[in-house]
Amino acid sequence: MWGRNETPSAATVFLTGCLLCLCPVLVALCWNCCHYRGASIAALFHHVRSFGILSVLPRPTGESMLMLVSWMALQAVLFVHLPGPLVRGQETPAGNVLEYRVNGLYAWTISNGLFAAFGLLGIIRFSVIADNWEGLLVAANLYGFLLAAFVFIKAHMQPTHRGDRKFSGSRIYDFFMGIEINPRIGSLFDLKLFHNGRPGIAAWTMINASFAASQYNRFGLVTDSMVLINILHALYVLDFFIHEDWYLKTIDISHEHFGFNLSWGDSVWLPYMYTLQAQYLSHNPVILGIQFWPIFLLGLVGYCIFREANFQKDVCRRTGGLCHIWGEPAKIINTKFTSADGKRHNSVLLASGLWGLSRHCNYLGDLILSLAMCLTCGTHHALPYFYILYMTILLMHRIERDHQRCKGKYGPYWTEYCRQVPYKLIPAVY
Ligand code: NDP
């Protein structure tokens with residue numbers, strides 16, 4: 001049976017406990033460094049040494065609590081009531097195939113349209129999100145922790161699919177990594193799809209726009225770097241919602257269990273760390289001038305590789321390999337695997353196109369795009385480069401985890417695929 005390792009070592013549990021405590025502090029440190037220490041990591045450390053760690057933590061406000069509650073309520077209403085096709089997800093290890101209503105693009109359009117309309121009508125300030133950023137950090141943390149506790153208890157008391165739970169023997173590990181794969185309320189309110197997409201990713205473009213307004217309020221201009229980061233991030237966000245049905249087949253939805261990693265990650269890590277460049281630029285304006293175009297081009301190249309690779313895999317899987325890739329019939333490896341209920345299944349692994357050049361060209365494209373995003377901030381400070389560092393660690397780690405999982409699932413077929421496509425990430429290099 002493939003799936004998550006069930007017995008983590010003591011060292012893994014210890015590391016998980018550290019991440020649980022340190023991640024919220026790391027986000028607070030980055031927020032404080034960006035907004036109060038001129039993005040200087042040295043200045044941040046000096047401040048912490050002098051005044052202690054508590055002095056850099058954010059404080060709650062009533063307005064931001066209300067904003068977060070209203071935002072989540074709006075997203076939940078849109079998630080439940082907007083129309084959209086019902087799409088089937090990937091088969092889970094226990095053999096369940098779930099249906100999802102795909103309406104994220106409508107939700108994004110309505111949410112961002114309302115924000116733009118209210119801003120233009122003067123009902124809200126465009127900078128309202130940036131102005132309440134500190135209080136929102138507390139509210140988002142509260143939400144992320146409460147949600148993690150809720151899904152942990154739910155997994156024990158009222159799981160959606162008993163067979164798709166993983167207990168590791170460690171409560172800390174289970175809390176962090178999640179127990180259920182697809183916890184649901186009712187038959188269609190999928191907590192993972194909702195939280196992965198709606199609170200953070202739908203807000204991403206609004207957060208960036210708000211920090212652009214904040215830059216304007218502070219300096220009287222919106223720089224070309226701010227425009228570029230808004231464009232690159234919007235490209236990534238729109239791609240996500242336009243291809244939401246594809247997203248159902250990714251590791252996040254198909255294989256990750258829903259615990260603190262995703263509940264807190266979607267509520268806090270994503271909106272705060274993925275928008276770091278716009279936050280940075282709102283305080284440290286960078287004029288790119290002629291550099292705008294090469295950075296834009298790099299971002300586009302990264303995006304095209306990312307999209308083409310994901311498209312090729314998607315079309316191959318949807319047609320069972322009966323498709324053309326770059327004008328040639330797709331080269332595939334026919335595989336068999338067994339789910340927990342003992343049933344045998346057939347699948348295909350694509351071994352041509354970008355998937356014939358390396359086993360994770362989609363990650364390579366993502367990393368190139370991430371680098372372009374960081375480059376919009378110039379080279380004065382290291383802080384905005386945290387994103388590419390994080391993405392590299394995340395995706396390299398994911399390559400190894402995915403390799404182990406696919407080896408377990410496909411056995412000799414996976415070995416054959418690795419023989420035919422020996423490079424993991426960068427063709428002919430790694
Ligand atoms: P993939 O889309 O690469 O999915 C990997 C899975 O695809 C494997 O587990 C296997 O699943 C299947 N697979 C592997 N090789 C092949 C093949 N040759 N042919 C057909 N199927 C294959 O990974 P992710 O879900 O991690 O990433 C999806 C996208 O999301 C990527 O572009 C990535 O860059 C991006 N991403 C972005 C993140 C962010 O925070 N911005 C985080 C993570 C990902 P199975 O066979 O079981 O179906």
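Computed over heavy atoms, backbone and side chain alike; hydrogens, waters and symmetry mates excluded. All ligand and atom numbering here is 1-based and tracks the order in the structure.
- Contact analysis puts Leu394 in contact with ligand 1, with a non-hydrogen atom separation below 4.0 angstrom.
- Scored by the ring pair (Phe, Tyr, Trp, His ring centres under 6.0 Å) test, Tyr303 finds no partners at all (sequence neighbours excluded).
- At under 3.5 Å, not a single nitrogen or oxygen of Leu395, backbone or side chain, sits near a nitrogen or oxygen of ligand 1.
- Tyr390 and Tyr274 have tilted rings, their planes meeting at an angle from 30° to 60° on a 0 to 90° scale.
- Looking at ligand 1, you won't find any N or O of Trp414 less than 3.5 Å from one of its N or O atoms.
- Asp190 pairs by the salt bridge (charged side-chain N to carboxylate O under 4.0 Å, His left out) definition with Arg184, not counting sequence neighbours.
- Within the structure, the closest approach of His255 to ligand 1 falls below 4.0 Å when heavy atoms are considered.
- Judged by distance alone, the side chains of Asn346 and Asn334 never bring a donor and an acceptor atom under 3.5 Å apart.
- In Asn310, the part holding a heavy atom less than 4.0 Å from any atom of ligand 1 is the side chain.
- Considering both main-chain and side-chain atoms, Asp252 never comes within under 3.5 Å of ligand 1 through any nitrogen or oxygen pair.
- To the nearest 0.5 angstrom, Tyr385 atom OH is 6.0 Å from Thr379 atom OG1.
- Residue contacts with ligand 1: Phe240 is excluded, as none of its non-hydrogen atoms falls under 4.0 Å.
- At a 3.5 angstrom cut-off on N or O pairs, Met391 does not count as close to ligand 1.
- Here's the thing with Tyr417: one of its N/O atoms is less than 3.5 angstrom from an N/O atom of ligand 1.
- For the side chain to side chain contact (heavy atoms under 4.5 Å, CB included) test with Leu98, the passing option among His161, Gln90, Glu91, Arg88 is His161; the others fail.
- A cation-pi contact, defined as under 6.0 Å to the ring centre and within 45° of the axis, is absent between Arg318 and Trp246.
- For ligand 1, none of its N or O atoms has an N or O atom of Tyr387 under 3.5 Å away.
- Under 4.0 Å from ligand 1, the heavy atoms of Cys406 that appear belong solely to its side chain.
- Of all the atoms in ligand 1, the ones that sit under 4.0 Å from a non-hydrogen atom of Tyr410 are 45 (P), 46 (O), 47 (O).
- Taking the six-membered ring for Trp and the full ring otherwise, Phe152 and His156 have centroids separated by under 6.0 Å.
- Any N or O atom pair closer than 3.5 Å counts here, and Asn362 shares at least one such pair with ligand 1.
- Here is the list of ligand 1 atoms found below 4.0 Å of a heavy atom in Tyr236: 37 (C), 39 (C), 41 (N).
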